[in-house]
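This report concerns only the one structure given below.
Just so we're clear, the structure is a prediction, and the values are computed from it rather than from any experiment. For ligands, and for the atoms within them, numbers begin at 1 and follow the listed sequence.
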Amino acid sequence: MSVPISQMATVATYLIRQKLRGEKRYPLVLMLEPLYRCNLQCAGCGKIQYPSHVLKRQLSVDDCLAAVDACPAPMVSIPGGEPLLHPEIQEIVAGIIARRKYLYLCTNAILLEEKLDLFEPTRYLSFSVHLDGLQEEHDRAVCRDGIYDVAVSAIRAARARGFRVTTNTTLFSDADPERTAQFFDTAMDLGVEGLMVSPGYPYEKAPDQENFLERNRTVDFFRRVLSRPGAKRWRFNQSPLFIEFLAGAHDYDCVPWSMPAYSVFGWQKPCYLLQEGYAESYDELLSETRWADYGPKSGNPKCADCMVHCGYEAAAVQDAFSSPGGLVRILRAMVTGPQVPVLVPEEIPAAMDPQPVSSDHPVETQPARGWSAAASPESLHVAFDYRGDATLTLDDGARLEGYVVNANVDEVSLWEKGDPRPLVIPVKRIAHVTLSGRDTAAPTA
Ligand code: SF4
Ligand code: SF4
């Protein structure tokens with residue numbers, strides 16, 4: 001069993017309660033990001049490109065626990081940046097566990113072994129160790145040699161001390177089905193409780209824009225991996241129906257409200273991957289986000305190729321509780337493991353060589369440092385989307401420089417260097433916008 005029965009029972013009870021209450025949108029996992037800084041710079045990461053004064057910021061213990069209290073999700077995930085860099089991570093973890101929430105602490109494991117003493121093994125805590133493949137693939141994905149060995153050593157140390165450990169793996173278009181299957185075998189041999197897998201999302205700000213799996217190739221890839229003879233021994237720490245979805249067996253639409261993300265910027269709209277503004281409270285996130293604009297069925301090109309767990313895993317979990325047929329599906333999948341649609345050999349590409357990036361979707365070009373324009377909804381959006389500081393010139397000639405955290409119809413929130421809270425500026429007072437700081441997401445020569 002890849003998830004303890006107590007956790008399954010907690011989640012099942014929670015879901016049944018939501019159904020009985022007739023709730024249309026409810027969270028399953030809170031994605032809590034206490035900080036964005038990290039001790040790695042992975043090529044596929046879109047989370048760490050911020051000016052240094054933003055990367056130095058972090059949520060306090062009280063901020064984190066207030067978010068946990070505001071969001072009724074029975075599970076919490078702490079992704080990155082690297083949570084173990086937070087000086088109060090011990091208190092954050094203890095507070096979440098005291099609330100009897102099941103917590104996945106995601107880590108690249110560089111600091112895990114030396115920080116294990118900060119934590120006590122409990123069924124409520126799992127370390128979710130970032131491993132993107134065997135040594136060669138993982139070290140390449142994280143852009144640093146030796147990190148695979150560090151992660152493997154930390155997994156062994158955590159398991160030896162009785163901690164729950166899972167791996168979390170992002171797969172890109174250069175992944176090889178045979179090597180991925182070997183990696184899953186290796187992870188199982190390390191004694192991890194389960195594997196968590198997801199195709200990568202093509203973050204606009206990630207340095208590597210060429211190696212993300214498109215939807216049909218994701219399906220192809222997972223069919224090829226999951227139809228291997230040894231696949232039955234792999235335990236996934238995810239709904240088996242989500243694994244089947246990755247292999248094209250189900251057609252779920254995204255439910256982005258199911259994994260709300262809270263960070264130093266606030267409650268992220270609409271999901272952990274896209275940044276289209278921030279709400280000040282969880283309730284505001286639920287009520288003010290235009291949910292119909294997201295998910296592949298909305299026609300939003302940013303969602304077209306997305307099959308990432310934060311949008312779809314809850315759809316798979318809800319499927320199991322939404323009808324007798326769903327219940328039969330999940331019971332069948334729990335007994336037999338994920339079922340993969342039959343492979344038709346002639347339909348399968350001979351190799352998963354990287355394909356040219358689709359030209360169907362227009363690529364928005366981000367204006368560069370020095371770009372300047374009169375204030376308008378468009379220019380303020382450019383400043384919001386920019387991963388560097390902007391200078392706003394006000395109607396009285398005053399110039400304010402900082403990171404644009406949010407841009408609404410009426411107000412812009414600007415974080416000036418060193419200020420604990422963003423300054424809220426009425427839009428009608430802003431006369432001019434200049435991208436003045438270094439773009440931290442721009443490719444380096
Ligand atoms: S993917 Fe994770 S480990 Fe890599 S740079 Fe981003 S936050 Fe750090
Ligand atoms: S499809 Fe993906 S990118 Fe779009 S809202 Fe859902 S999780 Fe976010």
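- At least one heavy atom of Tyr312 sits less than 4.0 Å from an atom of ligand 2.
- Atom 6 (Fe) of ligand 2 lies under 2.8 Å from an N, O or S atom belonging to Cys254.
- With a cut-off of 2.8 Å, atom 8 (Fe) of ligand 1 has an N, O or S atom of Cys38 in range.
- Side-chain N/O atoms of Ser153 and Glu113 include a donor and acceptor closer than 3.5 Å.
- Counted by atom type alone, Ser263 and Tyr36 present one or more donor-acceptor pairs between their side chains at under 3.5 Å.
- Nearest protein heavy-atom neighbour of atom 8 (Fe) of ligand 2: Cys271 SG, 2.4 Å.
- Counting only N and O atoms by type, the side chains of Gln366 and Asp439 include no donor and acceptor under 3.5 Å apart.
- The single protein non-hydrogen atom nearest to atom 5 (S) of ligand 2 is Tyr294 CB, 3.7 Å, given as residue, atom name and distance.
- The Gly81 neighbourhood of ligand 1 comprises atoms 7 (S), with distances under 4.0 Å to a heavy atom of that residue.
- In this structure, Glu82 falls outside the shell of residues with a heavy atom less than 4.0 angstrom from ligand 1.
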Exercise for review: Please test Lys269 against Glu276 for salt bridge (Lys or Arg N to Asp or Glu O under 4.0 Å), starting from the C-alpha separation and ending with a verdict.
Suggested key: CA-CA 5 Å; Lys269 297 179 189 177; Glu276 307 222 329; over 6 Å; no
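- If you number the atoms of ligand 2 from 1 as listed, the ones under 4.0 Å from a heavy atom of Leu274 come out as 3 (S).
- Neither side chain, Asp189 nor Thr186, offers a donor N or O lying under 3.5 Å from an acceptor on the other.
- Atom 4 (Fe) of ligand 1 has as its closest protein heavy atom Cys42 SG, 2.3 Å.
- Heavy-atom distances between Val308 and ligand 2 stay at or above 4.0 Å for every pair.
- Under a cut-off of 6.0 angstrom, the local environment of CZ in Arg25 is crowded, with over 12 non-hydrogen atoms contributed by other residues, nucleotides or ligands.
- Residue Ile48 has at least one heavy-atom neighbour below 4.0 Å for each of these atoms of ligand 1: 5 (S).
- Of the protein's non-hydrogen atoms, the one nearest atom 2 (Fe) of ligand 2 is Cys306 SG, 2.4 Å.
- For Tyr104 and Asn237, the side-chain atoms include at least one donor-acceptor pair closer than 3.5 Å.
- At a cut-off of 3.5 Å, with distance as the only test, a side-chain donor of Tyr252 or Asp319 sits close to an acceptor on the other residue.
- Of all atoms in ligand 1, numbered sequentially from 1 with element shown, those under 4.0 Å from a heavy atom of Asn108 are 3 (S).
- Taking a cut-off of under 4.0 Å to the non-hydrogen atoms of Gly311, the atoms of ligand 2 that pass are 7 (S).
- Set against the non-hydrogen atoms of Tyr201, the atoms of ligand 2 under 4.0 Å away are 3 (S).
- Neither the backbone nor the side chain of Val142 has any atom closer than 4.0 Å to an atom of ligand 1 (non-hydrogen atoms only).
- A donor-acceptor distance shorter than 3.5 angstrom exists from the side chain of Gln90 to the backbone of Leu118, with no hydrogens or angles considered.
- Of the heavy atoms in Lys47, none comes closer than 4.0 Å to ligand 1.
- Under the 4.0 angstrom criterion for non-hydrogen atoms, Leu40 is in contact with ligand 1.
- Across the listed options Ala109, Ala141, Cys45, Cys45 owns the non-hydrogen atom lying nearest to atom 1 (S) of ligand 1.
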**Study point:** Intermediate values then yes/no, side-chain hydrogen bond (donor to acceptor under 3.5 Å, both in side chains), Arg37 and Gln58
**Key:** CA-CA 9 Å; Arg37 64 182 177 275; Gln58 58 203 23; 2.5 Å; yes
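- Residues Glu33 and Lys47 are paired through a salt bridge, judged by an N-O separation under 4.0 Å between the basic side chain and the carboxylate.
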Review point. Ring pair (Phe, Tyr, Trp, His ring centres under 6.0 Å) between Tyr403 and Trp415: does it pass, once the steps are laid out?
Key: CA-CA 5 Å; Tyr403 189 78; Trp415 238 341; 7.9 Å; no
